[in-house]
Amino acid sequence: MQQESTRLLQAGKTIAFVPTMGYLHEGHLALMREGRKHGDVLVISIFVNPTQFGPAEDLQAYPRDLDRDVSLAESVGVDIVFAPEPEAMYEKAYQTYVDLEVLSGYLCGPSRPSHFRGVASVVTKLFNIVKPHIAIFGEKDYQQLTIIRRMVQDLNFDIRIIGVPIVREPDGLAMSSRNTYLSEDERHSALSLFQSLKQAEESVAKGTRDAKQLIHAASELILSSPHTKIDYVSVCDPETLEDVDRVEGPTLMALAVWVGKTRLIDNVILKP
Ligand code: AMP
């Protein structure tokens, strides 16, 4: 991949890059369509990165289907699928990590303590391998996007980061490879994530500004669905991710909820 990227750069090509963990859905494909607009060559990676999974998380169970992914990628104009084996990415003596001191601690940080260290490190490696001019990430993983933007700024990566809005199922559920874990009953309960965010949006439109009130209403709605357990519901600054008391400017409302054994995330930008 590195040799191919060097060759492309020497030929004066612009490289756009979409990192993924595969099991592609319309959310991923939206990122690829965006990437197609920005690069002469569109590269995606498919890599279920072990270092971003905690010891009790779903690394082994994570869904994989490389053949299907490759044909979906082809259908939206991807030129190169980079799908390394874990052993090629992490030698036995591997020991270098990128850690963001503050942003990694909020939202998903407390329940996934080394997750963002794994993400920042693998994205750094992928950037060094693929050598893109532009990289595209989804707002679905809002904290991840914030962290990548900060990291690119902090470490002087000469890469433009583009964020793409969340792609949803017709009923509002944010698309995710992990949705395949849900039973029919759980799938129904999972809709409460989107519904609670929509309710908050409507409430802000009607004049509510108090963060605690919004969080309380969202939590109540979610917990009224069976199989749900809240990890967090947060109303925070969309850049620093620090909690806010009131919704004055554009404000991030983000949440993580267990539905049965599946942990789902979703978010919205509240605009008073
Ligand atoms: P993943 O394969 O889950 O690591 O996701 C790869 C990229 O796709 C990340 O930048 C995600 O934020 C993005 N992504 C995943 N699901 C969605 C979605 N429903 N809408 C928009 N982007 C998404």
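Just so it is clear, the model here is predicted, and its values are computed rather than measured. The chain is numbered in sequence order, starting from 1. First listed ligand is number 1; within each ligand, the first listed atom is number 1.
- Under the 4.0 angstrom criterion for non-hydrogen atoms, Arg168 is not in contact with ligand 1.
- The protein non-hydrogen atom at the shortest distance from atom 23 (C) of ligand 1 is Lys140 CB, 3.8 Å.
- Close approach of ligand 1 to Ile166 (heavy-atom distance below 4.0 Å) involves ligand atoms 20 (N), 21 (C).
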Side chains of residues 204-211: which donor-acceptor partners sit under 3.5 Å, not counting sequence neighbours?
residue	atom	partner	partner atom	Å
Thr208	OG1	Ser203	O	3.2
Thr208	OG1	Ser203	OG	2.8
Arg209	NH1	Val204	O	3.0
Asp210	OD2	Gln213	N	3.1

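- Judged by the 6.0 Å distance and 45° axis criteria, Lys125 is not positioned over the aromatic ring of Phe47.
- Taking every heavy atom of Phe137 and a limit of under 4.0 angstrom, the matching atoms of ligand 1 come to 10 (O).
- The contact set between ligand 1 and Met175, taken as ligand atoms under 4.0 Å from a residue heavy atom, comprises 16 (N), 17 (C), 18 (C), 19 (N).
- Under the 4.5 Å side-chain heavy-atom criterion for grouping Ile, Leu, Val, Met, Phe, Trp and Tyr, Phe116 is connected to Tyr142 within one hydrophobic cluster.
- Residue pairs meeting the salt bridge (charged side-chain N to carboxylate O under 4.0 Å, His left out) criterion with at least one partner in residues 174-184, sequence neighbours excluded, are Asp58-Arg178.
- Here the heavy atom of the protein found nearest to atom 13 (C) of ligand 1 is Leu31 CD2, 3.7 Å.
- Scanning the protein for heavy atoms near atom 10 (O) of ligand 1, the closest one is Gly138 N, 2.9 Å.
- Annotation: atom 15 (C) of ligand 1 to nearest protein heavy atom, His25 CE1, 3.9 Å.
- Side chain of Thr228 to main chain of Ser224: no donor-acceptor pair is present (N/O by atom type, distance under 3.5 Å, no hydrogens or angles).
- The protein atom (non-hydrogen) at minimum distance from atom 1 (P) of ligand 1 is His28 NE2, 3.7 Å.
- Thr14 and His133 make their closest contact through CA-ND1, 3.5 Å (heavy atoms, listed as atom of the first residue, atom of the second, distance).
- Among all non-hydrogen protein atoms, the one lying nearest atom 9 (C) of ligand 1 is Gln144 NE2, 3.8 Å.
- Nearest heavy-atom pair across Lys13 and Leu9 is O-CD2, 3.9 Å.
- Under 4.0 angstrom from ligand 1, the non-hydrogen atoms of Pro165 all belong to its backbone.
- Residue-level proximity to ligand 1 for Ser177 is absent, since no heavy atom of it falls below 4.0 angstrom.
- Within the structure, the closest approach of Arg178 to ligand 1 does not fall below 4.0 Å when heavy atoms are considered.
- In terms of heavy atoms, Leu214 sits closest to Ala200 at CD2-O, 3.9 Å.
- Among protein heavy atoms, the minimum distance from atom 11 (C) of ligand 1 is reached at Asp141 OD1, 3.0 Å.
- Of the protein's heavy atoms, Met21 CG, 3.5 Å lies nearest to atom 4 (O) of ligand 1.
- The closest donor-acceptor contact from the side chain of Arg33 to the backbone of Arg36 lies at 3.5 Å or more, if one exists at all.
- Of all heavy-atom pairs between Gly260 and Glu186, the closest is CA-OE2, 3.5 Å.
- The Pro19 neighbourhood of ligand 1 comprises atoms 6 (C), 7 (C), with distances under 4.0 Å to a heavy atom of that residue.
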